[in-house]
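Every chain is numbered from 1 and lettered A, B, ... according to where its sequence line falls, protein lines coming before strand lines.
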Amino acid sequence: MDVRVTLAEALEKTCTLDKGELMESLEIPPDTGMGDYALPCFKLSKALRKSPQDIAKMLMETIEKPDIIESIQVQGGYLNFFLDRSKFAFETMKSILGADSGYGRQDIGKGRNICIDYSSINIAKPFHIGHLSTTVIGNSLYRIYEFLGFNCIGINHLGDWGTQFGKLIVAFKKWSNKEAIEKDSINVMLQLYIKFHDEAEKDESLDAQARVWFKKIEDGDEEALELFKFFKELTLREVRKVYKLLGIEFDSYDGESFYNDKMQPVIDELRQKNLLTESDGAYVVDLEAYKMPPCLILKADGATLYATRDITAAKYRKETYDFHKALYVVAYQQNLHFAQCFKVIELMGYPWAKDLEHVAFGMVSMEEGTLSTRKGKVVFLEDVLNKAIEKTTEIIKEKSPDLDDKEGVAKMVGVGAVVFSTLLNNRIKDIVFSYDRILNFEGETGPYVQYTHSRCCSLLKKAGIEDFDSDGCEVLNNDEEFALLKLMAAFPDCVEDACMKNEPSLITRMAVNIAQAYNKFYFEHRILDEAENICKARLALSFAVRNIIKDALYLIGLEAPERM
RNA sequence: GCGCCUGUAGCUCAGCAGGAUAGAGCAACGGCCUUCUAAGCCGUAGGCCCGGGGUUCGAAUCCCUGCAGGCGCGCCA
């Protein structure tokens with residue numbers, strides 16, 4: 001049931017605008033006292049040569065009032081509609097409770113594949129807070145698209161190629177050994193990385209050695225390859241621990257090394273299509289006509305580049321997954337890079353170039369300035385998560401000492417706090433990392449929403465009722481119940497909007513809003529000790545809230561503890 | 001220099017295919033636990049929506065311009 005549609009249909013019969021225009025014009029007044037929906041009549045004024053107020057009056061007199069609307073008023077140039085709260089409550093509860101697989105779930109994406117490139121970590125480099133955004137945004141989009149019926153392919157495009165391996169091998173052979181790395185791989189590798197850069201400033205030959213070692217990997221030298229695999233496996237092992245904490249899985253780990261032997265045909269194709277031009281010894285695709293700098297495909301020494309690989313990967317993904325859309329969840333620093341790649345693919349004559357989408361997000365920095373792996377200025381993601389879990393454990397010890405699964409709950413809540421705070425704001429905003437903010441568990445936070453969820457759960461448990469239906473939900477008509485129901489009714493549109501805009505924060509915000517509305521309701525009204533019909537309806541409402549919050553949390557990658 | 005992005009309360013931000021008095025949270029201050037989880041609720045205080053022009057019946061929202069900050073602009077990814 002969509003009130004907007006109902007209203008637009010009723011209005012269509014009485015005025016010159018069509019349904020689409022009316023849908024767009026219909027809005028929600030800033031204050032409930034003004035009504036629940038409003039039609040501003042200013043635009044009609046010119047065409048009809050009447051004052052907006054007269055038009056509103058005329059519409060009010062001629063419209064056939066839909067059942068769900070209780071009354072219609074004219075205020076200024078607005079035609080204001082007031083919902084019949086009881087009918088609205090019943091209808092809304094009916095839709096929510098009737099949606100077995102989740103309110104807002106759809107199959108509009110049925111039979112369509114979505115490739116999502118996210119997280120995409122570098123091997124042999126630490127997994128730090130700079131990777132948080134891409135990881136959790138990508139995961140959330142994955143879940144949102146699947147919720148709407150799409151089939152997603154999550155791709156962790158590993159940075160598992162390049163001179164950093166040469167550097168690591170040099171450092172490893174000079175200053176470390178396998179035992180040390182096995183023991184504490186991430187830290188030791190990071191220390192080696194830092195030491196290499198320190199020493200390289202004093203000794204220029206180190207960089208040359210690194211290049212030699214990388215060349216050996218490329219040429220398939222046995223020792224080099226063995227070390228390369230050793231570092232890669234170790235990093236993946238470490239990183240999987242973090243993904244496990246976050247509850248994230250990937251369908252593919254095909255990264256840079258995977259595309260090594262697939263680039264030549266693409267280069268040939270570019271040449272064949274006359275897109276490649278020589279420039280200072282390198283080969284580029286000229287994009288001047290599109291007001292972009294040239295896209296570098298081959299270096300003067302014949303080596304491939306980032307763009308070469310991404311173009312190859314896009315083509316491979318199209319051939320392998322025949323995607324409806326391919327998303328790249330990568331920081332906005334690479335805006336130009338992706339704009340160039342997409343344009344080149346378009347120039348190659350592939351119509352699916354329009355289905356490639358760069359989902360850009362803001363940068364993470366620290367209060368003291370930019371993150372720098374080379375200088376060791378990093379905050380490990382795992383440390384952040386553990387710190388959050390630790391803090392949660394303390395709070396549980398203090399507030400819920402008799403909780404059953406303390407460890408499990410601490411994990412859900414601690415990790416949830418970190419993920420939630422990353423998905424609270426529009427993804428384009430920069431983030432200054434702060435433990436204070438990320439470890440705050442009050443207000444617009446993950447724990448707050450989870451707390452609301454477990455509040456509903458414990459209430460339902462206490463009531464001991466398992467199934468609910470919308471019969472009798474007409475009584476949910478006080479201010480708090482009405483406000484809450486209006487928010488819940490907007491949830492499906494919110495999910496669709498989040499999908500369309502690739503913007504998980506819309507769901508995060510909605511989760512907060514619903515939690516706030518429920519807590520307010522919960523404080524103002526009693527439930528279990530009310531008369532039976534009221535009690536039953538309010539429990540049904542709590543049940544519906546619990547389900548929506550659980551789904552909303554799921555969609556942004558959080559778990560929903562039943563107690564906390 | 002050129003291009004893209006951001007600028008709203010002390011801080012972090014919603015609101016931005018134009019609509020009625022600009023909203024949250026944090027921090028501050030003051031209240032509410034013998035009753036369904038106080039990780040909660042209520043109240044107080046806090047705003048030339050970066051500046052200046054324009055379009056419009058109406059602009060935080062659209063256009064132009066200036067300022068501030070971030071990012072990018074050929075052989076890293």
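Here A28(B) sits opposite U44(B) as a Watson-Crick or G-U wobble pair (both hydrogen-bonding atom distances under 3.5 Å). Across all strands shown, nothing is found opposite A39(B) as a Watson-Crick or G-U wobble partner with both distances under 3.5 Å. When Watson-Crick and G-U wobble pairs are counted only if both distances are under 3.5 Å, G69(B) pairs with C5(B). Across all strands shown, C16(B) remains unpaired; no Watson-Crick or G-U wobble contact has both distances below 3.5 Å. Base pairing annotation: U55(B) forms no Watson-Crick or G-U wobble pair, as no partner gives both donor-acceptor distances under 3.5 Å.
Here the side chain of S542(A) pairs no donor or acceptor atom with the backbone of C456(A) at under 3.5 angstrom. Of the possible donor and acceptor atoms, one in the side chain of Q450(A) sits under 3.5 Å from a partner among the backbone N and O of E559(A).
Between A38(A) and T392(A), the residue whose closest nucleotide on RNA chain B is further toward the 5' end is A38(A). Heavy-atom distances to RNA chain B give each of F521(A) and E278(A) a nearest nucleotide, and the one nearer the 5′ end belongs to F521(A).
Remark: the separation of the P atoms in C2(B) and G40(B) is 50 Å, to the nearest Å. Between G70(B) and G30(B), the distance separating the two P atoms is 39 Å to the nearest Å. Between C76(B) and A14(B), the two P atoms lie 37 Å apart (nearest whole Å). Taking atom C1' on both C63(B) and G18(B), the two are 13 Å apart, rounded to the nearest angstrom. Between C64(B) and U55(B), the two C1' atoms lie 11 Å apart (nearest whole Å). A9(B) and C71(B) have their C1' atoms separated by 28 Å, with the value rounded to a whole Å. Rounded to whole Å, the P atom of C13(B) lies 32 Å from the corresponding atom of G54(B). Using C1' as the reference atom, A24(B) and U34(B) are 34 Å apart when rounded to the nearest Å.
Distance H453(A) NE2 to G40(B) P: 17 Å, rounded to the nearest Å. Atom-to-atom, CD1 of I431(A) to P of U12(B) comes out at 13 Å; the value is rounded to the nearest Å. Protein atom CZ of F420(A) is 13 Å distant from nucleotide atom P of A14(B), rounded to whole Å. If you measure from atom NE2 of H358(A) to atom P of C5(B), you get 13 Å, rounded to the nearest angstrom. Look at CD1 on I28(A): it is 16 Å from C1' on C16(B), rounded to the nearest Å. For Y328(A) and A77(B), the OH to P distance is 16 Å, given to the nearest whole Å. Rounded to an integer number of Å, the gap from CZ of F165(A) to C1' of A77(B) is 13 Å. Atom CG in D497(A) sits about 13 Å away from atom C1' in C16(B), given to the nearest Å.
For Y328(A) and H337(A), the gap between ring centers reaches or exceeds 6.0 Å. For W161(A) and F214(A), the ring centers are positioned less than 6.0 Å apart.
Between C75(B), C73(B), A77(B), one nucleotide has an atom nearer to the side chain of E256(A) than all others, and that is A77(B). The side chain of L459(A) has C36(B) as its nearest neighbour among G74(B), U21(B), C36(B). Among the nucleotides A20(B), A14(B), G25(B), the one closest to any side-chain atom of R509(A) is A14(B). Checked against C26(B), C57(B), C71(B), the side chain of E442(A) finds its nearest nucleotide in C26(B). Distance from the side chain of P293(A) is smallest to C73(B) among C36(B), C73(B), G40(B). In this structure, the nucleotide among C36(B), U6(B), U21(B) sitting nearest to the side chain of D31(A) is U21(B). Taking only side-chain atoms of M34(A), from C-beta outward, the nucleotide of C13(B), A20(B), C41(B) with the closest atom is A20(B). Closest to the F441(A) side chain, of the nucleotides A39(B), U12(B), G74(B), is A39(B). Proximity note for P29(A) (side chain, C-beta onward) versus G74(B), A20(B), A39(B): the nearest is A20(B). Nearest to the side-chain atoms of N335(A) among the listed nucleotides G74(B), C4(B), A20(B) stands C4(B).
Within 6.0 Å of the CD atom in E562(A), the count of heavy atoms belonging to other residues, nucleotides or ligands does not exceed 12. Other residues, nucleotides and ligands contribute more than 12 heavy atoms inside 6.0 Å of the CG atom of D301(A).
For N80(A) against A20(B), a side-chain N or O and a base N or O form a donor-acceptor pair under 3.5 Å. If you check distances only, the side chain of T452(A) never reaches the base of G40(B) with a donor-acceptor pair under 3.5 Å.
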Step-by-step side chain to side chain donor-acceptor pair (under 3.5 Å) determination, Q53(A) to S51(A):
CA-CA 5 Å; Q53(A) 195 155 358; S51(A) 76; 5.7 Å; no

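Using a 4.0 Å heavy-atom criterion, one finds that M564(A) contacts the bases of the nucleic acid, with or without backbone contacts as well.
Phosphate contact (OP1/OP2 of C42(B), side-chain N/O of K520(A), threshold under 4.0 Å): present. Remark: K462(A) is not in phosphate contact with C36(B), judged by side-chain N or O atoms under 4.0 Å from OP1 or OP2. An OP1 or OP2 oxygen of C36(B) is reached within less than 4.0 angstrom by no side-chain nitrogen or oxygen of R455(A).
A salt bridge links D36(A) and K486(A); the closest N-O separation between the charged side-chain nitrogens and carboxylate oxygens is under 4.0 Å.
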